[in-house]
> 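Starting off with a structure, shown below.
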Amino acid sequence: MIPVSLSWVAEQAQGQLLGQFDSSIVVSGVSTDTRSIQPGDLFLALVGPNFDGHKFAQQAKEKGAIGLIVSRKIDTDLPCILVDDTKLALGRLGAAVKAEVAPKTIGITGSSGKTTVKEMVAAILSRRGKVLATKGNFNNDLGVPMTLLRLERHHEFAVIEMGANHLGEIAYTTNLVKPDVATIVNAAAAHLEGFGSLLGVARAKSEIFKGLSEKGANKGLAIVNADSQFADYWLGKLKYNKVQTFSAEKAADVFAEDITLGLDGCAQFDLVTPTGRIGITLALPGTHNVSNALVAASLAMEVGASLSDVQEGLRAMPHVSGRLQVKQLTNQVKIIDDTYNANVASVNAAIDLLSSFAGRKILLLGDMAELGEKARYYHEKVGEYAKQQGIDELYSLGVLSQSASAVFEQKGKHFSELAQMIEFLNEHVIFEKCDISILVKGSRSARMELVVKALEDSP
Ligand code: ATP
Ligand code: UDP
Ligand code: MG
């Protein structure tokens with residue numbers, strides 16, 4: 001974080017500095033957690049589902065906190081900034097630091113691909129200057145302000161992922177972020193329990209555009225996925241912004257031509273933009289990453305990246321862990337590790353990749369979480385899609401995913417225990433003398449990475 005004074009923090013957080021303290025004391029950071037606080041930080045006490053942060057004030061002091069941000073008076077000899085609501089104060093501080101550093105800012109939301117697109121944009125923009133990007137999945141109403149607080153003076157770009165599991169969450173975070181350019185990567189069946197319907201998802205995601213400036217020379221740019229069933233819905237909401245479209249299927253402001261898939265599953269294509277075209281080779285497998293690359297290119301080019309920055313950035317970027325990582329298990333058996341998370345769109349995207357490999361194709365599916373009342377229906381749909389795409393066998397683990405393996409009849413099997421699944425695979429699959437590709441996928445809560453690990457650890 002940029003160094004700021006206690007009085008600056010009190011003013012920006014809309015709080016009141018209690019007691020007689022030197023308000024010019026410099027704060028080196030704001031921490032919400034005594035388990036990771038650094039000396040010189042202010043400790044901001046959040047009230048969470050498990051703990052009341054106010055109860056950790058003494059611990060914060062012992063670990064070197066130089067002051068507290070609290071929503072009720074507590075007994076302490078540290079300087080205290082009293083605010084109405086510490087969570088809102090965190091947001092105000094994040095927004096204030098962002099406004100102070102004023103980097104070119106990119107906002108990204110969507111049902112799947114946010115982190116991937118964020119990594120792509122960061123890889124492209126780091127060829128131009130210093131980039132701050134969301135770490136891991138710090139993309140909610142706490143994670144976004146915490147990310148903004150990490151900004152330093154030298155950052156020229158901020159690439160911010162915004163997620164949501166309820167209406168209004170992105171409206172809140174985008175107003176802190178105030179992006180110069182923003183996009184919805186896609187909208188699909190995910191977090192349906194919080195949004196009610198697919199249209200509910202599309203509506204919640206569209207809140208991101210509310211953070212764009214609608215005025216004068218600094219008008220923000222909204223980037224719309226022309227391949228989404230919600231493209232017209234979003235375009236209809238964008239009367240006062242600059243707008244650009246992208247498509248992996250047809251002509252748009254930014255689009256792909258001559259898409260081919262390499263043996264490693266990574267796509268090559270011509271990127272066509274309003275300022276010219278260039279050949280792209282992706283470092284990440286799967287045709288859905290063409291769409292991700294198009295939106296990443298559009299976002300990065302709006303804040304100054306050139307076509308060759310896009311080409312080089314995308315070619316050289318590192319893998320995103322747990323997202324479609326192709327691992328060689330034995331000479332003949334490949335694992336496609338996509339265990340990080342799952343929803344209907346991302347499972348279908350991974351099935352597309354699996355279907356492009358030669359040999360026997362097997363899907364190991366854990367449950368997709370948070371799909372609401374129609375959860376079984378969505379699992380069945382995924383099973384049907386896998387069958388239609390020529391997947392040979394589908395083995396499921398969990399409860400809901402049984403509806404997917406049932407579609408495969410004799411070529412499907414359901415397991416309620418991980419150990420049984422591994423035993424079955426070791427006996428019936430791994431030692432076959434033919435090329436086998438195994439896609440492993442499920443929601444975060446399904447912890448399908450344990451399946452990958454068990455297969456890797458099997459003798
Ligand atoms: P989260 O909501 O968990 O933050 P995310 O939106 O950040 O997820 P990623 O982490 O980039 O998404 O990818 C999650 C999963 O979605 C991976 O399995 C990935 O292969 C798949 N995926 C990525 N991009 C797309 C896309 N454009 N369409 C469909 N699936 C995708
Ligand atoms: N907290 C803390 N020290 C602890 C445990 C919790 O500072 O040893 C903070 C935590 O970082 C959060 C607040 O207390 O800001 C409320 O905690 P929460 O209920 O969210 O629990 P958590 O999920 O962080 O364990
Ligand atoms: Mg993410």
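Every number for a ligand or one of its atoms is a count from 1 in the order of the listing.
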> Among all protein heavy atoms, pick the one closest to atom 13 (C) of ligand 2 and tell me residue, atom and distance.
L46 O, 3.4 Å
> Which ligand 1 atoms does K114 reach within 4.0 Å, using its non-hydrogen atoms?
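Close to K114: 1 (P), 2 (O), 4 (O), 5 (P), 6 (O), 7 (O), 8 (O), 11 (O), 12 (O).
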> Considering only the protein, which heavy-atom contact is closest to atom 23 (O) of ligand 2, and what is its distance?
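Looking only at protein heavy atoms, the one closest to atom 23 (O) of ligand 2 is N50 ND2, 3.4 Å.
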> Go through it in stages, so that I can follow the logic: the residues are D232 and K237, the test is salt bridge (Lys or Arg N to Asp or Glu O under 4.0 Å), and I'd like the CA-CA distance, side-chain angles, deciding distance and then a yes or no.
CA-CA 9 Å; D232 287 339; K237 286 179 169 267; over 6 Å; no
> L44 versus ligand 2: do any nitrogen or oxygen atoms come within less than 3.5 Å of each other?
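By distance alone, the answer is no.
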> To the nearest 0.1 Å, how far is atom 14 (O) of ligand 2 from its closest protein heavy atom, and which atom is that?
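Ranked first by proximity to atom 14 (O) of ligand 2 is G53 CA, 3.7 Å.
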> Give, rounded to 10 degrees, the angle between OG1 (T115) and OD1 (N137) as seen from the Mg ion (ligand 3).
100°
> Check whether any heavy atom of K441 sits under 4.0 Å from an atom of ligand 1.
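True for this residue.
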> Is it true that D337 and T339 share a donor-acceptor pair across their side chains at a distance under 3.5 Å?
yes
> Just to be sure I read this right, does ligand 1 sit under 4.0 Å from the backbone of N292, its side chain, both, or neither, counting only heavy atoms?
side chain
> Indicate whether the side chain of T109 and that of E161 have a donor and an acceptor atom separated by less than 3.5 Å.
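Result is no, nothing qualifies.
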> Starting from atom 3 (N) of ligand 2, locate the nearest protein heavy atom and write down its residue, its atom name and how far away it is, to 0.1 Å.
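Ranked first by proximity to atom 3 (N) of ligand 2 is T34 OG1, 2.6 Å.
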> Any side-chain heavy atom of K61 sitting closer than 4.5 Å to one from Q58?
yes
> Mark up the atoms of ligand 1 that fall under 4.0 Å of a heavy atom belonging to N139, in ascending order.
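This gives 4 (O) as the contact atoms.
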> Judged by modelled atom types alone, do Q59 and T34 share a side-chain donor-acceptor pair under 3.5 Å?
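The answer is yes; a qualifying pair exists.
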> F56 to ligand 2: N or O pair under 3.5 Å?
no
> Looking only at the side chains, is there a donor atom on one of D352 and Y385 sitting less than 3.5 Å from an acceptor on the other?
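The criterion, which ignores hydrogens and geometry beyond distance, is satisfied for Y385 and D352.
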> When you measure from atom 12 (O) of ligand 1 to each heavy atom in S443, G322, G110, G113, which option holds the nearest one?
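Among S443, G322, G110, G113, the closest heavy atom to atom 12 (O) of ligand 1 belongs to G113.
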> Charged N to carboxylate O below 4.0 Å: is that the case for K361 and E393?
no
> Sequence neighbours left out, what passes salt bridge (Lys or Arg N to Asp or Glu O under 4.0 Å) with D180? Give chain and number order.
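Salt bridge (Lys or Arg N to Asp or Glu O under 4.0 Å) list for D180, sorted by chain: empty.
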> By number and element, which atoms of ligand 1 are closer than 4.0 Å to a non-hydrogen atom of L324?
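So the answer, numbered in order with elements, is 20 (O).
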> Hey, which atoms in ligand 1 end up nearer than 4.0 Å to a heavy atom of D338?
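This gives 17 (C), 18 (O), 20 (O) as the contact atoms.
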> Determine the minimum heavy-atom distance between A231 and N225, stating which atoms define it.
CB-O, 3.5 Å
> Taking the six-membered ring of F138, is NZ or CZ of K135 closer than 6.0 Å to its centre and within 45° of its axis?
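Relative to the ring axis of F138, which defines the angle, K135 lies outside at least one limit.
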> Contact between ligand 1 and A188 is defined here as a heavy atom of the residue under 4.0 Å from a ligand atom; is it met?
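Flag not set, A188 not near ligand 1.
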> Strictly by modelled atom types, are S228 and N186 linked by a side-chain donor-acceptor pair under 3.5 Å?
no
> Do the ring planes of F230 and W234 sit parallel (below 30°), tilted (30 to 60°) or perpendicular (above 60°)?
tilted
> Can you tell me if K114 uses its side chain to pair, donor with acceptor, with the backbone of G110 under 3.5 Å?
yes
> Show me which atoms of ligand 1 lie under 4.0 Å from any heavy atom of A349.
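Near A349, meaning under 4.0 Å from one of its heavy atoms, ligand 1 has 29 (C), 30 (N).
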> What protein heavy atom lies closest to atom 22 (P) of ligand 2? Include the residue and the distance to one decimal.
R35 NH2, 3.7 Å
> What do the steps show when you test R323 against D338 for salt bridge (Lys or Arg N to Asp or Glu O under 4.0 Å), and what is the final call?
CA-CA 5 Å; R323 279 86 162 172; D338 201 27; over 6 Å; no
> Establish, from distance only, whether the side-chain atoms of S346 and S112 form a donor-acceptor pair under 3.5 Å.
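Judged by distance alone, the side chains do not pair up.
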> Nearest to atom 16 (C) of ligand 2, what protein heavy atom do you find, and at what distance?
F51 O, 3.2 Å
> For ligand 1, does A342 get within less than 4.0 Å through its side chain, its backbone, both, or neither, judged by non-hydrogen atoms?
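Near ligand 1, A342 shows nothing, with every heavy atom at 4.0 Å or more.
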> Quick check on S291 - does any of its heavy atoms sit under 4.0 Å from an atom of ligand 1?
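Not so, S291 does not reach ligand 1.
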> Any idea which protein heavy atom is nearest atom 11 (O) of ligand 2, and the distance to it?
T32 O, 2.8 Å
> Below a 4.0 angstrom heavy-atom separation, can you tell me which part of R444, side chain or backbone, both or neither, approaches ligand 1?
neither
> Give the atom numbers and elements of ligand 1 that come within less than 4.0 Å of a heavy atom of N137.
1 (P), 3 (O), 4 (O)
> By number and element, which atoms of ligand 1 are closer than 4.0 Å to a non-hydrogen atom of N186?
26 (C), 27 (N), 28 (N)
> Evaluating non-hydrogen atoms only, which member of H288, E161, Q325 is closest to atom 25 (C) of ligand 1?
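Among H288, E161, Q325, the closest heavy atom to atom 25 (C) of ligand 1 belongs to H288.
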> By number and element, which atoms of ligand 1 are closer than 4.0 Å to a non-hydrogen atom of N341?
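Taking each heavy atom of N341 in turn, ligand 1 has 3 (O), 18 (O) under 4.0 Å.
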> Does ligand 2 come near enough to D52 that some N or O of the ligand is less than 3.5 Å from an N or O of the residue?
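No; every N/O pair is 3.5 Å or more apart.
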> Could you go through F43 and F56, starting from their C-alpha distance and side-chain angles, then the distance that decides it, and tell me whether this counts as ring-ring contact (aromatic ring centres under 6.0 Å, His included)?
CA-CA 9 Å; F43 176 66; F56 296 95; 7.3 Å; no
